[in-house]
There are 2 protein chains.
Amino acid sequence: MAKYAEKILEIVESRCSHPTAEEIFYALRRDYPRVVRATVYNNLHRLCKEQRIAKVSLAGMPDRYDRIARHDHLVCRKCGRVVDIELPDLTKQLEEQAGQPLLSYDLKLFYLCEDCRPAGRQADVVAVDSAASASSGDIG
Amino acid sequence: MAKYAEKILEIVESRCSHPTAEEIFYALRRDYPRVVRATVYNNLHRLCKEQRIAKVSLAGMPDRYDRIARHDHLVCRKCGRVVDIELPDLTKQLEEQAGQPLLSYDLKLFYLCEDCRPAGRQADVVAVDSAASASSGDIG
DNA sequence: AACCATTTTTAGAATAATTCTAATTTTTAT
DNA sequence: ATAAAAATTAGAATTATTCTAAAAATGGTT
């Protein structure tokens with residue numbers, strides 16, 4: 001059907017980088033130099049609606065797109081990088097605690113990635129230096 | 001110090017609506033008709049940096065601002081409304097499962113709110129009708 | 001009170017991400 | 001081959017946010 005949908009799906013799934021619409025647009029344009037941003041957005045909307053990809057957003061950044069399979073994210077508070085993490089499915093536990101049937105949930109864990117962690121000691125990292133952190137206080 | 005910071009803090013904390021910058025701007029303008037959006041953003045940034053408020057973002061909507069005290073959110077998949085929910089603190093559990101020291105986490109539970117829930121039966125609500133839902137597939 | 005330095009606010013232009021609209025092209029079914 | 005439907009294009013429009021430079025407010029010093 002849609003000429004680009006499968007290609008875009010492939011781009012999203014083949015990367016672990018949670019690409020933005022812009023990144024997908026550039027990747028797609030390598031093969032199809034005439035595609036236009038609106039086409040990328042159209043296809044992303046459709047793929048989301050069809051539950052074939054998921055949109056992930058973080059405060060202050062453009063939305064990102066991700067594979068659909070259940071997994072969670074580790075987000076570095078300092079550099080903002082997002083990496084996947086496979087935690088056990090908490091749906092049952094959360095449904096009990098919330099007293100509500102849930103459709104799904106989104107869980108982001110904030111930490112300091114290796115690159116941003118003060119060298120040497122790492123056990124006593126408890127808070128982000130508020131001056132150094134570009135995005136502290138943000139929940140995304 | 002900053003003329004508006006306390007007032008903005010009060011607006012954010014006094015509402016359970018997680019107001020957007022725009023909503024805060026209008027609320028503030030009722031008392032101070034000359035304030036300008038940039039002032040609101042300046043103060044919001046500062047309050048975030050000082051960890052006095054938190055920024056919350058959801059896919060496809062403007063960022064929202066929230067009180068800082070730990071709590072989670074229920075997000076309706078159909079109408080997008082966000083309400084607070086007080087779940088037990090999962091930091092310890094998640095640190096163990098992730099094998100990482102965490103700074104914090106963000107948990108959003110997706111459900112169908114009362115207004116959006118198909119009337120009558122509610123036990124067998126398992127998925128969102130993909131045509132009817134404006135934002136299905138989104139993780140924010 | 002007058003002065004200077006610093007901080008905050010204002011006004012409005014600029015940017016970034018996304019959406020919209022209308023025309024054109026492609027695809028599908030007949 | 002043709003009509004109808006769907007997808008894509010081009011580019012304008014909108015929305016949220018940031019930036020910049022000037023003006024105003026604030027604070028501390030003499």
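First the proteins, then the strands, lettered A, B, ... as listed; each starts at 1. In this text, all values refer to a predicted model and were calculated from it rather than measured experimentally.
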Worked verdict on B/Lys108 versus B/Asp72 for salt bridge (charged side-chain N to carboxylate O under 4.0 Å, His left out)
CA-CA 6 Å; B/Lys108 299 198 186 87; B/Asp72 306 291; over 6 Å; no
Given A/Thr91 and A/Glu95, is the side chain to side chain contact (heavy atoms under 4.5 Å, CB included) satisfied, shown in steps?
CA-CA 6 Å; A/Thr91 308; A/Glu95 280 185 329; 4.0 Å; yes
Would A/Leu109 and B/Leu103 count as a side chain to side chain contact (heavy atoms under 4.5 Å, CB included) here? Give the steps.
CA-CA 8 Å; A/Leu109 308 180; B/Leu103 301 173; over 6 Å; no
Yes or no on salt bridge (charged side-chain N to carboxylate O under 4.0 Å, His left out) for A/Asp115 and A/Arg81, after CA distance, side-chain angles and deciding distance?
CA-CA 10 Å; A/Asp115 295 353; A/Arg81 249 175 302 195; 3.3 Å; yes
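Near DNA chain C, meaning a heavy atom under 4.0 Å from it, residues 8-17 of chain B has no residue at all. Only B/Arg34, B/Val35, B/Val36, listed by number, bring a heavy atom of residues 23-36 of chain B to less than 4.0 angstrom from any atom of DNA chain C.
Side-chain N/O atoms of B/Tyr105 and B/Arg70 include a donor and acceptor closer than 3.5 Å. If you check the side chains of B/Glu86 and A/Gln97, you find no donor sitting under 3.5 Å from an acceptor.
Residue pairs satisfying the ring pair (Phe, Tyr, Trp, His ring centres under 6.0 Å) criterion with at least one member in residues 65-101 of chain B, sequence neighbours excluded, are listed as follows: B/His18-B/His73, B/His71-B/His73.
We find that CG of B/Asn43 is positioned 8 Å from C1' of C/dT8, with the value rounded to whole Å. What separates CD of A/Glu6 from P of C/dT27 is a distance of 14 Å, to the nearest Å. Remark: C1' of C/dA22 and CG of A/Asn42 are 14 Å apart, rounded to the nearest angstrom. The OH atom of B/Tyr4 sits 14 Å away from the P atom of D/dA24 (whole-angstrom rounding). Rounded to an integer number of Å, the gap from B/Lys3 NZ to C/dT8 P is 13 Å.
The residues A/Asp84 and A/Arg67 are annotated as salt-bridged, a charged nitrogen and a carboxylate oxygen being separated by less than 4.0 angstrom.
Side-chain N/O atoms of B/Arg46 include one lying less than 4.0 angstrom from OP1 or OP2 on C/dT8.
Among residues two or more places apart in sequence or in another chain, the side chain to side chain donor-acceptor pair (under 3.5 Å) test is passed with A/Arg37 by A/Glu22.
Of the possible donor and acceptor atoms, one in the side chain of B/Glu23 sits under 3.5 Å from a partner among the backbone N and O of B/Thr20. The backbone N or O of A/Glu10 sits nowhere less than 3.5 Å from a side-chain atom of A/Glu13 that would complete a donor-acceptor pair.
To the nearest 0.5 Å, atoms CG (A/Leu28) and CD1 (A/Ile11) are separated by 5.0 Å.
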What does the list of N/O pairs under 3.5 Å between the protein and nucleotides 15-18 of chain C look like, with a distance for each?
residue, atom, partner, partner atom, Å
C/dT18, OP1, A/Asp63, N, 3.3
C/dT18, OP2, A/Tyr41, OH, 2.6
C/dT18, O5', A/Tyr41, OH, 3.3

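At its two ends the helix from C/dA1-D/dT30 to C/dT30-D/dA1 runs along axes set 20° apart, each axis drawn from five pairs and the angle rounded to 10°.
Neither A/Leu9 nor A/Tyr41 shares a network with the other; the hydrophobic side chains, linked directly or stepwise wherever heavy atoms of I, L, V, M, F, W or Y lie under 4.5 Å apart, form separate groups for each.
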